[in-house]
Structures are given as structure tokens and as C-alpha cells.
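Order of listing sets the numbers, starting from 1, for every ligand and every atom in it.
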Amino acid sequence: MQRVVVLGGGVGGTLVANLIARKLRKPIAAGTAAVTVIDSTGRHAYQPGYMYIAMGHERPEHLVRPEKGLLDHNVNLVVDDAVRIDAEARAVELTSGERLRYDQLVIATGSRIVPEEIEHFGDEAHDFYTAEASARLRAALDTFAGGRIVIGIAGIPYKCPPAPLEVAFLVEAELRARGLRDRTEITFLSPINRAFTIESVSDMATPILAAKGIRLELLAGIARIDPDRKVAITDAFEEHPYDLLIVVPPHKGAQVLIDSGLAPKSGWLPTDRHTLQVKAIAKPASGVADRDVPRHSNVYALGDATDLPVSKAGSTAHFEAPIVAERVAAAVLGRAPRAKHGSYSGRVMCFFEVGDGKGTLLRFDYDHPPRPPKPGHLWHLGKVMFNRTYWHTVPRGRI
Ligand SMILES: Cc1cc2nc3c(=O)[nH]c(=O)nc-3n(C[C@H](O)[C@H](O)[C@H](O)COP(=O)(O)OP(=O)(O)OC[C@H]3O[C@@H](n4cnc5c(N)ncnc54)[C@H](O)[C@@H]3O)c2cc1C
């Protein structure tokens, strides 16, 4: 019996488990292979919808579904927390004390937000990275009557890189529509030396910020919050007074990966950029070239969990899943991976809201930076359609 275990039932885990189950239909039917997803909650959240809760266009109950209903009937689901991965013994330990043995392991544990790393975050800052936080931000926007809004980022990497800029554009448009814009100063604090990590996207977004009168401050990652003086303090010790503070919280990889010695303190899994195999943690002083860092031949990662230089986005997991599924199925079936899905190219695709019912599209890979088209209504509608059809498409492997 060949056991495939997928850790995490989010976008990446669900899709990859479904694709693997399809490829292994015959051995599963014959009882010689099994695919199991382990997930903490057994509930699948569509996180991109959180931003729309904050904007007043979405309801939390629309964004969660039972994981079981999204999985192929050939995939088993175990609802529990993995507390340790023993890569030597090829087993995952759960809080229940159960040990699940595997022959092939796929890690799709996503990212976790750690707002507690910034003192006073919980009392002072708003964010839109959970349904609850987004509802609180909505309530704060509803009572906002003008003043200083500061939108910033507390550490890179974070999920959905365009999201804070999108929120800046959407909040600006809303306040204009509510007649509050001339009573409001909006400041966007970028932690790097431009508005967005990728230059071509920064070149697109910077004039839009200027046209909308949103002040852009560079090299201004949020490091501290002073609740008494109501100022956000950047890592360059600049102070930005606020009446409403919106901050992308710090992010880390799953604790289980750190505790298992598979990931460094950041929690991001060292991952081969093409095969998506998990690599040993390279010792910074060892001087070993990347190609010589040992790979775990039967452990793969996808989605937010990796340390790859691509966006932490559902679409990244979406494009990575066919590669992991093909490699895992090939290992189970004892054949070579087929060339078509043998290697990940760094492909990502994200819609990007710019406000006033307009959007654009970021499409890129390791070798081709995005060339966002002129913002228009079509791309905004594309995002609306994608959000509406998600439950029937991505996790089930239908697009
Ligand atoms: C506000 C917001 C807007 C976004 N907008 C977009 C967008 O427009 N486009 C886009 O492509 N992406 C967007 N994203 C990002 C996208 O949601 C994530 O990148 C995507 O969900 C990552 O998929 P994943 O499978 O890696 O992790 P997740 O979908 O987060 O799933 C991880 C799963 O692992 C489980 N898990 C974790 N640890 C354990 C453990 N120890 N034991 C068992 N189970 C565990 C969790 O319960 C969870 O179900 C957005 C995210 C947010 C928050």
C-alpha cells in the first residue's frame, strides 16, 4: 500500500489531493494506494473574500465550506492538528497521539499571521486577514467621519502582495463616494523602496496613488505602534499619526514545520523552485551551492508554506499543484514524471483592484515580470467572477 498524505486542506492541499486521487484512481480502487488530507479545522476558507467583508460587499458565511465536500470521494480527511513531522520515520504525529505513516508527503500548511509580534496591534490596528478582523474594519469604516488613515505593512513576505494597495484604492474610492475624501488624509507606507515589490507593478501603481491623492512613504515598514500618541512608528523611526490604522500583520510559516526541524524560525520551507521538493535547511556558513543542498525525495511543498520568491497567493498554489500531483503520482506508480507537468515555472496570476469598479491583471513567472494592462472594468469583473465561481473551480481542479 502506497500512502500519500497531504498536510493542509486549503487551496493548495485540496487541489493537489484531488489531482493526485484522479491520477491514482486505479491503485486506489485496487486498494494499493490511499490519499489522506489532514486539516486542523475541516473547514475550507476562501480568504480573498475577507477584503470584501471589509469593503462591505461580502458576508463571512459565504466564505467557508466543509472541506469534505470539496474533496474527491477517493480522498480521506482527518481533522486534527499535525504537531510533528518525522521525515526519517516518514510519519506525521497528530494532537490525538495518532501517527500517520506516509510514503509521499505534501505540505500545504499555508501561512499564519502573528499580529502579537507588534505590541498593541490587537487594540490599535485594523486588518483584513481574518473574517473577524475584516468585520471590525468594516465597522470602523462605517463610523469614520474623516481624519488620518494610515495603511501599512508589518513585514515581508505576506499573503496576497497587492492586497494593501487594493485596500488603499478601495477605501479612497469609498470615502470619495461618501463625501469624506476632502476631510481625510490617506498615507500608504511601503516597507521597501517602491510602492510594490515588482518594479513593473510599482510603476503602474505609483501614478494611481498620486492621482488619488494617497501619500506614498517608502522604506516605511511598520515596526511599532504608540497607542497613547496614536502614531505608527516605522523601522526607520519615522512617526505617522493616525485616526484609523490598517496594517498587514506579520506572517510566518506553520509552527509544526519549525518544531519538526524542516523550516527555520521564519517557518518558510526551503523548497526546490522547479521540482517543489522540500530541501534540507542550508547552513548559511556552509557555502553549499543550492543545487547541492539535499532534497527530501518524497516530501513536497506548495502554496504559502514555501520559501520560493513568488507571491503568497492562491493562484501560486493553483499553478504549483499539477507539478506536485504529477511527481507524487509518478513516484507511486513507479514511472518518470511526465514532462508537461514536471517543473514549476514560477507562474502566478492575480487580479488587482484599483477602485471605482476598475482593476488590472498581474501575470508572471520566474523569467517574465508582469506587464499589467491599463486598468479597466473588465479586470474588476474578472475578479468578481473568479470569486463567485471559486467553489466550483479551483479546489476541484476544474480550471
Ligand atoms: C485578504 C486576503 C486576500 C487575498 N487575495 C488573494 C487574491 O486575490 N488572489 C490570490 O491568488 N490569493 C489571495 N490571497 C492569498 C490566498 O488566500 C493564500 O495565498 C492561499 O490560501 C494559500 O493557499 P495554501 O493552500 O498555501 O494555504 P491555506 O489556503 O491558508 O491553507 C492552509 C491549510 O493548512 C491547515 N493547517 C495549517 N497548519 C496545520 C497543521 N499543523 N495541521 C493540520 N492542518 C494545518 C489550515 O487549517 C489550512 O486549512 C488572499 C489572502 C488574504 C488573507
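- The pair E172-R181 meets the salt-bridge criterion, since a charged nitrogen lies less than 4.0 angstrom from a carboxylate oxygen.
- Ligand 1 has an N or O atom lying under 3.5 Å from an N or O atom of S315, backbone or side chain.
- Contacts between A163 and ligand 1, counted as non-hydrogen atom pairs separated by less than 4.0 Å, are absent for every part of the residue.
- Atom 16 (C) of ligand 1 has G314 N, 3.5 Å as its closest protein atom, hydrogens excluded (heavy atom only).
- Ion pairing of E217 with R215 is present here, as a side-chain N (NZ or NE/NH1/NH2) and a carboxylate O approach within less than 4.0 Å.
- Taking atom 41 (N) of ligand 1 as the reference point, the nearest protein heavy-atom neighbour is A82 O, 3.1 Å.
- Cation-pi geometry between R273 and Y366 is satisfied (NZ or CZ under 6.0 Å from the ring centre, within 45° of the ring normal).
- Per-residue contacts place G303 under 4.0 angstrom from the following atoms of ligand 1 (heavy atoms of the residue considered): 26 (O).
- The closest protein non-hydrogen atom to atom 5 (N) of ligand 1 is C160 SG, 3.1 Å.
- For the pair K159 and ligand 1, the shortest N or O to N or O distance does not fall below 3.5 Å.
- Distances from atom 23 (O) of ligand 1 to the heavy atoms of T41, D80, V11, V79 put V11 nearest.
- The proximity of K312 to ligand 1, defined as any non-hydrogen pair under 4.0 Å, is limited to the backbone.
- Considering backbone and side-chain atoms together, Q47 places an N or O closer than 3.5 Å to an N or O of ligand 1.
- Shown in contact with Y129 at under 4.0 Å from a heavy atom are these atoms of ligand 1, numbered in order with element: 53 (C).
- In this structure, R136 does not pair ionically with D127, as no charged nitrogen and carboxylate oxygen lie closer than 4.0 Å.
- Of the protein's non-hydrogen atoms, G12 N, 2.8 Å is the one closest to atom 25 (O) of ligand 1.
- Side-chain atoms of R183 come within 3.5 Å of backbone atoms of A145 as a donor-acceptor pair (strictly under, hydrogens ignored).
- Salt bridge present: E166 and K383 bring a charged side-chain N and a carboxylate O closer than 4.0 Å.
- When the heavy-atom distances from atom 32 (C) of ligand 1 to G8, A108, P48, A305 are ranked, the shortest goes to A108.
- Residue D81 has at least one heavy-atom neighbour below 4.0 Å for each of these atoms of ligand 1: 40 (C), 41 (N), 42 (N).
- Taking only nitrogen or oxygen atoms, main chain and side chain alike, C350 does not reach within less than 3.5 Å of ligand 1.
- At least one cation-pi condition fails for K374 and W379: the charged atom is not both under 6.0 angstrom from the six-membered ring centre and inside a 45 degree cone around its axis.
- With hydrogens and angles ignored, the 3.5 Å screen pairs no side-chain donor or acceptor of H120 with any backbone N or O of P227.
- Ion pairing of E124 with K230 is present here, as a side-chain N (NZ or NE/NH1/NH2) and a carboxylate O approach within less than 4.0 Å.
- Nearest approach of V256 to S260, heavy atoms of both residues: O-OG, 2.6 Å.
- Proximity of K383 to ligand 1, defined as any heavy-atom pair under 4.0 Å, is confined to the side chain (atoms from C-beta onward).
- Ranking protein heavy atoms by distance to atom 1 (C) of ligand 1, first place goes to F128 O, 3.3 Å.
- Among all protein heavy atoms, the one lying closest to atom 26 (O) of ligand 1 is D304 N, 2.9 Å.
- In this structure, the protein non-hydrogen atom closest to atom 43 (C) of ligand 1 is S40 OG, 3.2 Å.
- Judged by the 6.0 Å distance and 45° axis criteria, R90 is not positioned over the aromatic ring of Y102.
- For an aromatic pair to be called close, the ring centres must be under 6.0 Å apart, and Y50 with F128 fails this.
- At a threshold of 4.0 Å, the pair E185-R148 does not count as salt-bridged, since none of the basic side-chain nitrogens sits closer than that to a carboxylate oxygen.
- Counting protein heavy atoms only, atom 47 (O) of ligand 1 is closest to D39 OD1, 3.1 Å.
- With a heavy-atom cut-off of 4.0 Å, V256 touches ligand 1 through its side chain alone.
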